[in-house]
There are 2 protein chains.
Amino acid sequence: MAGRGRPRRFDRDAALRAAMRVFWEHGYEGTSMADLTSAMGINSPSLYAAFSCKEALFREAVELYVRTDGGAPQRALREAPTVRAGIDAMLRVNATAYTDPETPRGCMVVLAATNHTEANRDIGDFLAELRRQDLAELRARLDAALADGELPAGTDTAGLARFYVTVLHGLSIQARDGAGRDELLAAVDAAMSAWPAP
Amino acid sequence: MAGRGRPRRFDRDAALRAAMRVFWEHGYEGTSMADLTSAMGINSPSLYAAFSCKEALFREAVELYVRTDGGAPQRALREAPTVRAGIDAMLRVNATAYTDPETPRGCMVVLAATNHTEANRDIGDFLAELRRQDLAELRARLDAALADGELPAGTDTAGLARFYVTVLHGLSIQARDGAGRDELLAAVDAAMSAWPAP
DNA sequence: TCATTTATGTAGTGATCTGTACATAATTGG
DNA sequence: CCAATTATGTACAGATCACTACATAAATGA
């Protein structure tokens, strides 16, 4: 199936990682096809043959992102034994990952398409939907915890979920603005002290 | 001084307000000069004669914004009798203003240039500096309160300032993503419950 | 009245954007 | 060896970008 025809001269996965990195740093509209071909080390027709168009490449880059770097906070949330530990871990992983000097600062899903032309509304909606999933997962985890007695009866789980997703996404702006890791972790300490009293 | 020459046929202030609105909604790079001339009801040469260039128009629009809609949360912070009441009011004004159906959702300073090309780095830095001022004002207000005994001795004012600016900016993302006013106010309730115990 | 000054509308400029046509290179199947 | 297939590099197409040249309109000062 793969054999026929001239073989590809570049590593598709490596090229996709390079594209992810550029989109992560400069956003969808802040990145030109020339930026991409340069970063990926290939010419325009090779890019189009392998990834169809800019939008498809971006979507694939985002999928890679949430499967790797971007998914770490959500995985931390899921894997913790209690919802409190989960949210604490989610925020700390977020604060730590997005002040890593080896990667761009802040979350790609939060930052890569906050502003866009009308023509790229779909791209904005695509990332907004992923952010909405952050909220939905938090909400579901809190509701389950409430049912299990981990939270005081009558806790406003919707409000709490919106609060923690506000902090989660807000941290990306702070990281992009140059906040240090210790500062962000101090902000997480404060956020966790808002936890409802038992 | 104003007399000589053909008089301007449009209201400069009204045109600036229209430009502010478009930039607020679509961001700096998400707005084209064609979008602007259309919204302002003037032709391109009139725009350039009155506002020099796109960047100068944007900066003037942002100055108008912080003097009007965008400055309300900061004014609420300054005018409150205590720092706790100030931060509470700042967040509530923010949550209320940015879910007003008459205006774009979320803060222009937070959202209008989160992603940009290398060529527009200055625009990004310009808004980042305004966001840094939000943090600095919070920090100064908290430090003064600490000195006045409004806060427990040893309170981490830097961490607390970073936390509340994270919530402040994070609310804009939530508002842009369609969160309702009640939801944002519930998030503010949670944020205020993180206030250090006396 | 008439030169001077400023604003306006038309109709462009060159640069950059995303995406492609096309000739050629490199592989496989027969 | 040859046809079929796929990838590559050059070079460019068409649209849109920010911005402007230029002729003309509408005001003032002398």
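Throughout, protein chains are lettered first and strands after them, A, B, ... in sequence-line order, and every chain is numbered starting at 1. From a predicted model like this one, the values you see are computed outputs, not experimental measurements.
If you check residues 50-63 of chain B against DNA chain D, the residues with a heavy atom closer than 4.0 Å are B:Cys53, B:Lys54, listed by number. Within residues 7-42 of chain B, the residues having any heavy atom closer than 4.0 Å to DNA chain C are, in order of number, B:Pro7, B:Arg8, B:Arg9, B:Phe10.
For the OP1/OP2 pair of D:dT20 and a distance below 4.0 Å, the side-chain nitrogens and oxygens of B:Tyr48 include no atom meeting the criterion. Between B:Ser44 and the phosphate of D:dC19, there is no side-chain N or O to OP1/OP2 separation shorter than 4.0 Å.
A cation-pi arrangement is absent between A:Arg162 and A:Tyr164, since the terminal nitrogen or guanidinium carbon is not both under 6.0 Å from the aromatic centre and inside a 45° cone about the axis.
Comment: B:Glu137 engages B:Arg78 in a salt bridge, judged by a side-chain N to carboxylate O separation of less than 4.0 angstrom. With respect to A:Arg67 and A:Glu63, no salt bridge is recorded, no charged nitrogen being found less than 4.0 Å from a carboxylate O. A salt bridge links A:Asp189 with A:Arg92: the distance from a Lys NZ or Arg NE/NH1/NH2 to an Asp or Glu carboxylate oxygen falls below 4.0 Å. A salt bridge links B:Arg12 with B:Glu60; the closest basic N to acidic carboxylate O contact falls under 4.0 Å. A salt bridge links A:Arg139 and A:Asp143; the closest N-O separation between the charged side-chain nitrogens and carboxylate oxygens is under 4.0 Å.
How far CG of A:Leu47 is from CD1 of A:Ile42: 4.5 Å, rounded to the nearest 0.5 Å.
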Legend entry - B:Asp134/B:Gln74 under side-chain hydrogen bond (donor to acceptor under 3.5 Å, both in side chains): CA gap, chis, key distance, verdict: CA-CA 8 Å; B:Asp134 289 343; B:Gln74 281 68 30; 2.9 Å; yes

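As rounded to whole Å, 5 Å separates atom C1' of C:dA7 from atom CZ of B:Arg6.
With C:dT10, D:dT10, D:dC19 as the candidates, the nucleotide lying closest to the side chain of A:Asn43 is D:dT10.
The base of D:dA27 does not come close enough to the side chain of B:Arg4 for any donor and acceptor atom to sit less than 3.5 Å apart.
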